[in-house]
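Everything numeric in this text was worked out from a predicted model, so none of it was measured.
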Amino acid sequence: QVQLVESGGGLVQAGGSLRLSCAASGRTFSSYTMAWFRQAPGKEREFVAAISWSRDSTAYADSVKGRFTISRDNAKNTAYLQMNSLKPEDTAVYYCAADQAGWSPRKPATYDYWGQGTQVTVSS
């Protein structure tokens, strides 16, 4: 069993930056693919970014490529999402997710564990 707890959300002006953290419990964190998804009001949950257990593979949604960076520290059981040049359309609840098998980063159904989410609001 893995528990995920996100932090780092908040209110920021357009053009600003935030760093989200996802702290994971459990001894096998280093073997999981980690990802970030987001969901805006009235919209479906969408893929943002993912990183493989070995950190040799990453994937990004086109809408965040070049602005967001996903990383992980397996020694700290923590994944991160550095968000720069934020836009009002980035406003959403951001969720951390963990997949214990394989690399299908963009599909929510493949993820076994989810955090409770953290709100990110970008003002114009």
Does Q39 use its side chain to pair, donor to acceptor, with the backbone of V93 at less than 3.5 Å?
no
Is the closest side-chain heavy-atom distance between M83 and V120 below 4.5 Å?
yes
Side-chain polar contacts of residues 14-24 - donor-acceptor pairs under 3.5 angstrom, sequence neighbours left out - could you list them?
from: S17; atom 1: OG; to: N84; atom 2: OD1; distance (Å): 2.9

List the steps, then state whether salt bridge (Lys or Arg N to Asp or Glu O under 4.0 Å) holds for D90 with K87.
CA-CA 5 Å; D90 294 318; K87 304 176 181 180; over 6 Å; no
For T91 and V122, indicate whether the former's side chain and the latter's backbone hold a donor-acceptor pair under 3.5 Å.
yes
Do the non-hydrogen side-chain atoms of W53 and Y32 ever get within less than 4.5 Å of each other?
no
Geometric cation-pi criterion R72 and Y80, 6.0 Å radius, 45° cone
no
Without swapping roles, check the side chain of D112 against the backbone of Q100 for a donor-acceptor pair under 3.5 Å.
yes
With Y111 as partner, the option from W36, F37, F47 fulfilling ring pair (Phe, Tyr, Trp, His ring centres under 6.0 Å) is F37
Main chain of P108, side chain of T110: is a donor-acceptor contact present, judged purely on distance under 3.5 Å?
no
Side-chain donor/acceptor of E6 to backbone N/O of T118, under 3.5 Å
no
Are the side chains of L81 and V48 in contact, using a 4.5 Å heavy-atom criterion?
yes
